[in-house]
Student: 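Structure incoming, see below.
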Amino acid sequence: MARVLTAEAWAGRDTAAIARRLLGCRLVVGGSEGRRALRITEVEAYCGPHDRASHASRGRTPRNAVMFGPAGFWYVYLCYGVHEMLNLVTGPADYPAAVLIRGVEGIEGPGRLTRALRIDRRFNHLPATRTTGLWIEERDVPVESGDVAATPRIGVDYAGPEWSGKPWRFVLRAPGEARARRAKR
DNA sequence: TAAGTGATCTCT
DNA sequence: GAGATCACTTAA
């Protein structure tokens, strides 16, 4: 079985690098209905107290408190009254940062992902370990830089151009797509 | 393109 | 306690 990635893998301060690092890793849901392990294909980085797009930018609140804790915990919250959003807390304690998991293979969209995998606020504040039933395993295939596209984050225009424009969304291209792009040129 | 949805936060 | 806002999705 693949290696389970634990807090030290996510404890660094470079949230964007950690977000990229998550691409290709497997999000594993283990429950009574069995086990699903899906490659992570789309993520967004929310980086520190000054990131105006981040919930943490207006200080610590009951909702975002887990972001201010150590890395390796889940931050799950309800968005628009409808959708559960799944984030992995990153960075050292007292440095509020997290990576939003927006998509996995076969499931595009943060709200659809949580609905399909039955992930909800039960996981908020729990560690990403096997015992909680939701964890992350190492990639089984390396990800090359050419396989990763960086774009601005989605749905954060309210943060203003300086922050909404940062290329902190990362998408893993489908296998072979990077090669096809190179061949086209 | 717009409505639905309800927790959360900010201001009275 | 009221009002605004919101890291989205779906149906039209």
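Lettering of chains follows the sequences in order, A, B, ..., and the numbering in each one begins at 1. This structure is a prediction, so every number in the text was calculated from the model and none was measured. Side-chain atoms are counted along with the backbone in the values below, which use heavy atoms only and exclude waters and symmetry mates.
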Student: Is any side-chain heavy atom of A:Tyr95 closer than 4.5 Å to one of A:Pro49?
Tutor: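 A:Pro49 vs A:Tyr95: side chains touch.
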
Student: Between A:Tyr158 (OH) and C:dT5 (C1'), how many Å, whole number?
Tutor: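 Nearest whole value for this atom pair: 10 Å.
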
Student: I'd like to know if A:Glu137 pairs up with A:Arg39 as an ion pair, taking the criterion as any Lys NZ or Arg NE/NH1/NH2 lying under 4.0 Å from an Asp or Glu carboxylate oxygen.
Tutor: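 Salt bridge absent between A:Glu137 and A:Arg39.
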
Student: Can you list, in residue-number order, the parts of residues 47-56 of chain A that come under 4.0 Å of DNA chain C, counting heavy atoms only?
Tutor: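 The answer is A:Ala53, A:His55.
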
Student: Are the charged groups of A:Arg118 and A:Glu84 less than 4.0 angstrom apart, N to O?
Tutor: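 No salt bridge links A:Arg118 with A:Glu84.
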
Student: Does anything in residues 60-76 of chain A come within less than 4.0 Å of DNA chain B? Heavy atoms only, and list the residues if so.
Tutor: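 A:Thr61, A:Pro62, A:Arg63 - these, ordered by number, are the residues of the stretch whose heavy atoms sit under 4.0 Å from the strand.
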
Student: Could you identify which residues of residues 80-91 of chain A place a heavy atom less than 4.0 Å from some atom of DNA chain C, listed by residue number, or say none?
Tutor: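 Residues of residues 80-91 of chain A that come under 4.0 Å of DNA chain C are, in numerical order, A:Tyr80, A:His83, A:Met85, A:Asn87.
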
Student: Shortest non-hydrogen contact from A:Ala97 to A:Cys47?
Tutor: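 Answer, listing the atom of A:Ala97 first, then A:Cys47: CB-CA, 4.3 Å.
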
Student: Under 4.5 Å between side-chain heavy atoms, chaining through other members, with only Ile, Leu, Val, Met, Phe, Trp and Tyr counted: pull out the rest of the cluster around A:Tyr158, sorted by chain and number.
Tutor: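 A:Tyr158 shares its hydrophobic cluster with A:Tyr46, A:Val66, A:Met67, A:Phe68, A:Phe73, A:Tyr75, A:Tyr77, A:Met85, A:Val89, A:Leu100, A:Val156.
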
Student: Atom CD1 in A:Ile107, atom CD1 in A:Ile101: separation rounded to 0.5 Å?
Tutor: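 That separation rounds to 12.0 Å.
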
Student: Mind listing the closest non-hydrogen atom pair of A:Phe123 and A:Thr132 along with its distance?
Tutor: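 In this case the closest contact between A:Phe123 and A:Thr132 is CE2-O, 3.3 Å.
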
Student: Which ones in residues 110-128 of chain A lie close to DNA chain B, meaning a heavy atom under 4.0 Å from one of its atoms?
Tutor: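 Those residues whose heavy atoms fall under 4.0 Å from DNA chain B, taken from residues 110-128 of chain A in numerical order, are A:Arg121.
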
Student: Between the side chains of A:Arg52 and A:Ser57, is a donor N or O closer than 3.5 angstrom to an acceptor N or O?
Tutor: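 Side-chain D/A pair, A:Arg52 to A:Ser57: absent.
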
Student: My validator wants the stems of DNA chain C: runs of 3 or more consecutive Watson-Crick or G-U pairs, both distances under 3.5 Å, written as range with range.
Tutor: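 Runs of three or more consecutive pairs: B:1-4 with C:8-11, B:6-11 with C:1-6.
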
